[in-house]
Amino acid sequence: MEKIIGYTIESSSAEGIYYLVNGWYKYFAFWIRKKDFIENEARYLHMITFKTKGSAKASLTKLLKIMPDYARDTFRLCEIHAGGHIVNIPNIKI
């Protein structure tokens, strides 16, 4: 199994699958499309990586306070493994 290098939040909606940007208030972007991440992983990996599960959840909570429209999406906590592989963590409520 590959080493876990961080965590992210995956959002699924009718618009597609997205990953939460760590420091969205700094990057002026809330989400990175999964398709864009796959096409340019080197550019986006650091932007979606949180050091802890708690910091990923806290960032989502802050975002939902100012953008409640996103609350209708389905969220999953994910591990980011070495090599940029993103794996859903089953049985974790967000």
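Nothing fancy with the numbering, it's 1 onward along the sequence.
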Answer whether the closest heavy-atom distance between the side chains of I89 and C78 falls below 4.5 Å. no
Within the 4.5 Å heavy-atom criterion, are V87 and I4 side-chain neighbours or not? no
Heavy atoms of Y7 and T52 approach each other most closely as CD1-C, 3.6 Å
Distance-minimising heavy-atom pair for N22 and T49: ND2-O, 2.9 Å
Hey, does F50 have a side-chain heavy atom less than 4.5 Å from the side chain of L20? yes
Just by modelled atom types, is the S55 backbone N or O under 3.5 Å from a matching donor or acceptor in the S59 side chain? no
Is the closest side-chain heavy-atom distance between H81 and K3 below 4.5 Å? no
Nearest 0.5 Å, please: how far is CD in E41 from CD1 in I80? 9.5 Å
dist N40:CG -> I32:CD1 (nearest 0.5 Å) comes out at 10.0 Å
Would you call the rings of F75 and W31 parallel, tilted or perpendicular, where under 30° means parallel and over 60° means perpendicular? parallel
I'd like to check I17 versus E10 (side-chain heavy atoms, cut-off strictly below 4.5 Å). Are they in contact? yes
Heavy-atom closest pair, residues S13 and D73: CB-OD1, 3.2 Å
So I86 and I48, do their side chains get closer than 4.5 Å, heavy atoms only? yes
Please tell me if the side chains of F30 and Y18 come closer than 4.5 Å, counting only heavy atoms from C-beta onward. no
4.5 Å side-chain heavy-atom contact, I9 and R76: no
Interatomic spacing from NE2 in H85 to CD in E79 - rounded to 0.5 Å: 13.5 Å
For A29 and W24, work out which heavy atoms get closest and say how close. O-CB, 2.9 Å
To the nearest 0.5 Å, what is the distance between OG (S12) and NZ (K34)? 8.0 Å
